[in-house]
A.B. asks: 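Have a look at this one.
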Amino acid sequence: MEKNNILLIGLGYFGQRVAARLAEFKQDVMAVDCQEDRLNDVLPIVTTGRIGDVRDENFIKDLGPQDYDICIVAIGDDFLSTLEATALLKDNGARYVVSRASSDIQERLLLRNGADEVVFPEKTLANWIGTRFSSNHIFDSIPLYDGYSVMEIEMPPKWAGHTLAQLDVRRTYHLNIIAFKHGKALIPSVDPSEVLDAGRTVIVLGKVGDIRKCFQ
């Protein structure tokens with residue numbers, strides 16, 4: 001697995017979850033926050049940590065942003081600090097800066113002031129909830145690009161007793177079947193000649209509208 005050297009700024013709930021996930025993937029993480037208690041919460045799982053004011057250019061310089069593969073600004077409740085930290089990181093040699101935003105206006109400002117990529121945790125979660133609970137047939141959803149998603153759906157009852165080749169899912173529904181699930185067991189091999197039994201869960205790649213057509 002590729003290992004990155006990551007500077008993570010902001011250790012609220014979102015930042016701590018990012019730190020935990022990076023730790024799972026064995027990444028080197030320098031965690032930074034202005035509150036000691038937040039830093040102490042993640043010190044057992046990150047490589048190292050610092051307490052300081054990320055709006056202070058001298059502090060940012062001392063962090064050496066040019067030495068990190070990725071700088072993540074995960075501050076959630078102070079957009080001005082996010083904006084200043086983003087600009088200071090880029091001004092001081094950061095290679096790639098990912099910043100958190102909560103609105104389109106914030107995204108535009110961050111991109112104009114040094115962010116290479118902007119993430120919307122609240123927007124992403126809202127989209128997931130809206131999709132997940134828009135239908136009783138959808139169990140999970142991962143949005144991709146241009147309206148495409150990977151979804152875990154209940155297999156349409158009308159598919160039972162047929163093979164994927166007979167159903168011609170790709171042509172009929174414009175979907176790609178990635179895998180099946182039986183209970184909690186994932187079955188990644190997809191045999192187009194296998195007769196489908198009722199009660200399966202299907203992992204599909206396609207557009208949301210096309211996925212819904214399966215149940216019409």
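Along the sequence shown, the residues carry numbers beginning at 1.
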A.B. asks: Do Ile60 and Ile6 share a hydrophobic cluster (ILVMFWY, side-chain heavy atoms under 4.5 Å, transitive)?
C.D. replies: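 The answer is no; the residues belong to distinct hydrophobic clusters.
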A.B. asks: What heavy-atom pair brings Val118 and Ala101 nearest, and what distance separates the two atoms?
C.D. replies: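 Shortest heavy-atom contact: CG1-CB, 3.5 Å.
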A.B. asks: Does Leu110 belong to the same Ile/Leu/Val/Met/Phe/Trp/Tyr cluster as Ile105, with side-chain heavy atoms less than 4.5 Å apart forming each link?
C.D. replies: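 Same cluster.
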A.B. asks: Looking only at atom types and distance, does a side-chain atom of Asn113 sit under 3.5 Å from a main-chain N or O of Leu109, one as donor and one as acceptor?
C.D. replies: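 Checked: pair present.
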A.B. asks: Salt bridge check, Asp168 against Arg171: does any charged N sit closer than 4.0 Å to a carboxylate O?
C.D. replies: yes
A.B. asks: Give the minimum heavy-atom separation between Thr163 and Ser193, together with the two atoms involved.
C.D. replies: CG2-O, 3.3 Å
A.B. asks: Name every donor-acceptor pair, under 3.5 Å, that has one atom in a side chain of residues 38-48 and the other anywhere in the protein, sequence neighbours excluded.
C.D. replies:
unit_1, atom_1, unit_2, atom_2, d
Asn40, ND2, Glu36, O, 3.3
Thr47, OG1, Val29, N, 2.9

A.B. asks: According to a 4.5 Å side-chain heavy-atom criterion applied to Ile, Leu, Val, Met, Phe, Trp and Tyr, with indirect links allowed, do Leu83 and Leu7 form part of one hydrophobic cluster?
C.D. replies: no
A.B. asks: May I ask you to list the residues sharing a hydrophobic cluster with Val195, side-chain cutoff 4.5 Å, ordered by chain and number?
C.D. replies: none
A.B. asks: Indicate yes or no for a side-chain donor-acceptor contact from Glu117 to the backbone of Val98 under 3.5 Å, with no hydrogens or angles considered.
C.D. replies: no
A.B. asks: Can you get from Leu63 to Leu88 by hopping between Ile, Leu, Val, Met, Phe, Trp and Tyr side chains that sit under 4.5 Å apart?
C.D. replies: yes
A.B. asks: Quick check: does any side chain N or O of Gln106 sit under 3.5 Å from a backbone N or O of Ser102, one acting as donor and the other as acceptor?
C.D. replies: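 Here the side-chain-to-backbone pair exists.
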A.B. asks: Please determine if Asp62 and Arg50 form a salt bridge, counting it only when a charged side-chain N lies under 4.0 Å from a carboxylate O.
C.D. replies: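 Answer for the salt bridge query: yes.
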A.B. asks: Check whether any side-chain heavy atom of Leu186 lies under 4.5 Å from a side-chain heavy atom of Phe180, and answer yes or no.
C.D. replies: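 Side-chain contact under 4.5 Å: no.
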A.B. asks: So which heavy atom on Ala85 is nearest to which on Val73, and how close?
C.D. replies: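 Closest heavy-atom pair between Ala85 and Val73: CB-CG1, 4.3 Å.
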A.B. asks: Whether Arg100 engages the ring of Phe120 as a cation-pi pair (distance to the six-membered ring centre under 6.0 angstrom, angle to the ring normal within 45°) should be assessed.
C.D. replies: no
A.B. asks: Dump the intermediate steps for side-chain contact (heavy atoms from CB on, under 4.5 Å) on Asp28 and Asn4, then the final yes or no.
C.D. replies: CA-CA 6 Å; Asp28 289 327; Asn4 286 312; over 6 Å; no
A.B. asks: Which heavy atom in Gly15 sits nearest to a heavy atom in Ala74, and how many Å separate them?
C.D. replies: CA-CB, 3.9 Å
A.B. asks: Quick check on the hydrophobic clustering: are Tyr96 and Leu89 connected, directly or via other members, by side-chain heavy-atom contacts under 4.5 Å?
C.D. replies: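 Different clusters.
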A.B. asks: Just checking Tyr148: does its OH atom have more than 12 heavy atoms from other residues, nucleotides or ligands closer to it than 6.0 angstrom?
C.D. replies: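 Open.
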A.B. asks: Output, in order, the C-alpha distance, side-chain angles, deciding distance and verdict of salt bridge (Lys or Arg N to Asp or Glu O under 4.0 Å) for Arg200 and Glu194.
C.D. replies: CA-CA 13 Å; Arg200 294 192 183 205; Glu194 179 187 3; 2.5 Å; yes
A.B. asks: Under the side-chain contact (heavy atoms from CB on, under 4.5 Å) criterion, do Ile75 and Phe14 qualify, and how do the steps go?
C.D. replies: CA-CA 8 Å; Ile75 302 168; Phe14 174 68; over 6 Å; no
A.B. asks: When you compare the side chains of Ser99 and Thr86, does any donor N or O come within less than 3.5 Å of an acceptor on the partner?
C.D. replies: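 Result is yes, a qualifying pair exists.
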A.B. asks: Can you give me the closest heavy-atom contact between Leu164 and Leu196, atom names plus distance?
C.D. replies: CD2-CD1, 4.0 Å
A.B. asks: More than 12 heavy atoms of other residues, nucleotides or ligands under 6.0 Å from CZ of Arg55: is that the case?
C.D. replies: no
A.B. asks: What residue among Arg95, Lys3, Gln27 forms side-chain hydrogen bond (donor to acceptor under 3.5 Å, both in side chains) with Asp69?
C.D. replies: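 Exactly one option meets the side-chain hydrogen bond (donor to acceptor under 3.5 Å, both in side chains) with Asp69, and it is Arg95.
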A.B. asks: List in chain and number order the residues that pass salt bridge (charged side-chain N to carboxylate O under 4.0 Å, His left out) with Arg21, two or more places apart in sequence or in another chain; answer none if no residue qualifies.
C.D. replies: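 Result, salt bridge (charged side-chain N to carboxylate O under 4.0 Å, His left out) vs Arg21: Glu24.
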